[in-house]
Number of protein chains: 4
Amino acid sequence: MRANDGARSFTEQGRRAQIVRAAIDVIVERGYPSTSFGRIAERAGLSSTGMISYHFRGKDDLMDQVVTDIYAEAAELVGGRIDAEQTARGQLLAFVEASVAYYRTHHRHVRALTEITLGRRGDDRSGPRDRELADLAELLRTGQRTGEFRDFDPDVMAVTVRHALDGVALHLGADTDRDFETWSRELVTTVDRATREDPT
Amino acid sequence: MRANDGARSFTEQGRRAQIVRAAIDVIVERGYPSTSFGRIAERAGLSSTGMISYHFRGKDDLMDQVVTDIYAEAAELVGGRIDAEQTARGQLLAFVEASVAYYRTHHRHVRALTEITLGRRGDDRSGPRDRELADLAELLRTGQRTGEFRDFDPDVMAVTVRHALDGVALHLGADTDRDFETWSRELVTTVDRATREDPT
Amino acid sequence: MRANDGARSFTEQGRRAQIVRAAIDVIVERGYPSTSFGRIAERAGLSSTGMISYHFRGKDDLMDQVVTDIYAEAAELVGGRIDAEQTARGQLLAFVEASVAYYRTHHRHVRALTEITLGRRGDDRSGPRDRELADLAELLRTGQRTGEFRDFDPDVMAVTVRHALDGVALHLGADTDRDFETWSRELVTTVDRATREDPT
Amino acid sequence: MRANDGARSFTEQGRRAQIVRAAIDVIVERGYPSTSFGRIAERAGLSSTGMISYHFRGKDDLMDQVVTDIYAEAAELVGGRIDAEQTARGQLLAFVEASVAYYRTHHRHVRALTEITLGRRGDDRSGPRDRELADLAELLRTGQRTGEFRDFDPDVMAVTVRHALDGVALHLGADTDRDFETWSRELVTTVDRATREDPT
DNA sequence: CATGAATGAGCATTCATTCAT
DNA sequence: CATGAATGAATGCTCATTCAT
């Protein structure tokens with residue numbers, strides 16, 4: 001019984017949040033493939049995995065929740081920065097800069113998100129990722145129409161930029177000395193150079 | 001007994017190669033997480049998994065072998081193209097172009113490599129990958145010394161280029177309409193723009 | 001506390017009836033082995049299984065109630081038909097005919113009953129069933145005494161007739177083309193031939 | 001690995017047979033719904049359920065094996081008796097008589113078979129049972145064509161006879177005092193009366 | 001060299017039941 | 001009276017690994 005439909009009580013919200021937090025911890029520390037209900041329950045201080053199944057319809061449901069939560073948080077922070085810009089170029093660079101900034105303050109969340117996204121390729125669960133790629137490609141197309149961007153393939157460029165950003169998330173965990181300032185400046189410059197129309 | 005140390009007989013070499021081939025098949029067809037000794041043995045026409053454990057110290061050992069073999073093959077093909085170039089810029093663009101070309105002709109191998117790399121993050125097993133990144137950063141540094149490349153952080157750029165290339169491997173499977181020609185041209189242009197010194 | 005002893009309030013009667021109805025629905029639609037408190041609660045529009053445990057001592061207790069209710073209903077309908085007959089032979093054939101007729105009008109109930117009976121064999125819970133068999137055997141014995149029935153073993157015959165009737169319940173679900181008329185006529189004839197004293 | 005395809009070694013045949021025997025024990029003693037791999041392993045003296053999964057593709061596979069084994073054994077004993085008869089009536093009565101005789105000598109096997117058959121209704125696994133019913137109906141049709149049997153619906157009669165025989169298996173476990181001689185004689189007479197053409 | 005049976009921990013999931021509120 | 005969160009054992013099943021032969 002229970003497991004995920006309809007309104008949720010205050011207590012349950014808490015439990016669910018606690019489980020999601022524990023899941024993120026485990027994903028970050030052991031990697032997505034090694035993330036099991038057993039490990040999450042242990043980390044959450046739960047006595048059995050049944051508890052997790054009680055609150056989530058299954059592993060996919062839990063992971064969807066993790067992804068949804070993190071995307072929502074990121075969208076709030078990054079989306080605000082993008083909307084503040086008027087031009088396509090400004091929005092693209094704001095997207096890159098705000099993404100890296102978000103990695104700085106929430107790098108565990110981003111790490112978890114990347115782990116899940118890459119770990120579930122092909123499971124037909126890559127909805128949010130695909131949507132983000134589509135939005136990015138659309139932004140690039142807009143900039144091309146306005147003459148801000150040069151003539152590249154928007155889909156290829158979207159994938160390229162997105163993967164370049166993944167590099168930050170993946171390498172900043174192991175390489176904490178690397179300065180975020182540097183990553184931010186470098187990526188913004190790189191993406192700008194890769195996309196902008198040459199001045200004549 | 002046995003399992004992986006010291007000199008190897010002719011027959012054993014053959015068995016190992018056969019197992020590695022089967023492993024690649026399974027990884028490509030079912031994904032890394034679903035790749036088990038059982039499935040590999042089945043695909044290799046072996047009657048039990050004992051055979052695999054006999055020849056490899058464990059799953060990690062087998063996967064290391066797969067990675068090593070593929071990297072060696074790729075290094076031979078891509079490395080040749082790089083060495084044919086004289087300038088750092090020429091070598092960098094040759095690396096990008098040859099990498100995409102290698103994906104085209106050996107996309108199963110690249111696919112397997114990507115699956116393993118993504119599937120094992122956190123296992124501290126990224127030896128060959130790290131070496132490749134270091135080589136790439138070194139090439140970038142050289143180009144900066146000769147004045148061919150602008151002043152960027154070579155390590156950050158190396159990661160960025162490497163991840164951009166990963167995008168090809170990941171997205172070409174699902175997106176077969178996308179032309180290799182396009183990806184190749186777009187990525188070469190993008191990397192060139194991102195790295196080259198502006199003409200004055 | 002609570003759970004099944006002593007007098008029951010009006011409200012509680014209603015709740016219990018509601019749960020029993022939901023249980024029958026689930027049994028018919030998913031089969032006895034897949035009938036869980038969770039599924040029954042869901043079907044009954046209850047938010048948790050606790051409600052069911054509160055009203056019934058356990059799964060067995062609930063199932064006993066289902067069985068009891070259905071037997072009571074059947075006894076009323078079938079019993080009336082039997083009592084309308086004067087002779088043992090008339091009563092036996094009325095029992096067979098009325099049973100099949102009851103299957104036709106209440107086949108969901110009969111289906112549930114059969115599922116429970118078959119699903120719980122060995123649980124020593126066959127009270128109503130055993131009572132029915134005893135009543136049937138008694139009727140047969142009566143008919144032998146009056147000379148209407150030939151000389152067979154009444155207990156064996158009771159089991160045989162009872163199981164033949166089970167066949168209707170089991171096969172009519174899958175075989176909806178089969179006409180109830182046919183089953184009724186065939187079974188009445190068969191039972192009559194099997195039991196009656198030969199005319200001399 | 002392993003699990004059920006291709007040739008089987010001597011040792012494995014033994015293990016499989018041992019597991020099948022244990023499965024029958026558990027089914028007879030606890031009923032089909034309570035028969036789990038855990039219980040079977042325990043009964044077979046196996047240290048884990050993994051052992052069973054190693055030898056059988058799954059629960060269904062194991063149960064299919066049990067059914068197959070028992071049907072094969074029964075077919076040998078009962079089939080021989082049927083083939084010895086020339087007429088349809090002779091064959092039908094031989095089938096009934098030999099079935100009961102088989103119950104006497106192998107009542108645990110029959111009990112297990114009945115448990116499985118009834119316990120898996122609707123799982124699309126009732127192949128052997130359906131085949132038996134079809135064969136029986138065919139025999140009845142033959143007898144009608146030769147004028148040995150009266151004009152009844154052969155499918156309905158097949159189900160009826162089959163269920164009457166199930167009654168023996170189900171009731172002889174609890175009712176061991178009941179004499180097999182009686183059951184045999186009673187059922188043969190009953191079936192004969194139910195089916196035969198009236199002498200004119 | 002090679003086999004394949006055996007192991008036992010681990011997996012996600014379902015279940016009836018309990019109990020504080 | 002009613003709730004619903006929590007429990008923990010049990011389910012079938014997969015896995016990498018071991019080891020006697």
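Residue numbering restarts at 1 for every chain, and letters A, B, ... go by the order of the sequence lines.
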Self-check item: Min side-chain heavy-atom separation T35(A)-I116(A) under 4.5 Å
Solution: no
Exercise. Scan side-chain atoms only and decide if R21(D) and Q18(D) contain a donor-acceptor pair under the 3.5 Å cut-off.
Key: no
Flag, side chain of [X] to backbone of [Y], donor-acceptor distance under 3.5 Å:
X       : Y      : result
R108(D) : I24(D) : no
R39(A)  : S34(A) : yes
E115(B) : Y32(B) : yes

Round to a whole Å and report the spacing from [atom1] of [X] to [atom2] of [N].
X      : N       : atom1 : atom2 : answer
D61(A) : dA12(E) : CG    : C1'   : 13 Å
Q18(B) : dC1(E)  : CD    : P     : 14 Å
D60(C) : dC15(E) : CG    : P     : 16 Å
I52(B) : dC1(E)  : CD1   : P     : 18 Å
E42(A) : dC11(E) : CD    : P     : 10 Å
I19(A) : dA12(E) : CD1   : P     : 13 Å
I40(A) : dG10(E) : CD1   : P     : 16 Å
F56(C) : dA16(E) : CZ    : C1'   : 15 Å

Side-chain N or O of [X] closer than 4.0 Å to phosphate OP1/OP2 of [N]:
X      : N       : result
Y54(A) : dA5(F)  : yes
H55(C) : dC1(F)  : no
R39(B) : dC15(F) : yes

Self-check item: D25(B) and its salt bridge (Lys or Arg N to Asp or Glu O under 4.0 Å) partner, picked from R43(B), R111(B), R30(B)
Solution: R43(B)
Quiz item: Does dC15(E) have a Watson-Crick or wobble partner in any strand here, with both distances under 3.5 angstrom, and which is it?
Solution: dG8(F)
Practice problem: Both distances under 3.5 Å, Watson-Crick or G-U wobble: report the partner of dT21(F), or none. | Solution: dA2(E)
Self-check item: 5'-most by nearest nucleotide on DNA chain E - S48(C) or R15(B)
Solution: R15(B)
Self-check item: Position toward the 5' end of DNA chain F (nearest nucleotide), S36(D) or T49(B)
Solution: S36(D)
Quiz item: Toward the 5' end of DNA chain F, which comes first, K59(D) or G50(A), by nearest nucleotide?
Solution: G50(A)
Counting the atoms with a prime plus P, OP1 and OP2 as sugar-phosphate, which does [X] contact under 4.0 Å by heavy atoms, base, sugar-phosphate, or nothing?
X      : result
S47(D) : sugar-phosphate
F37(D) : sugar-phosphate
G58(D) : sugar-phosphate
T35(C) : sugar-phosphate

Practice problem: Kindly point out which of dT7(F), dT3(F), dA12(E) is positioned nearest to the side chain of M51(C)? | Solution: dT3(F)
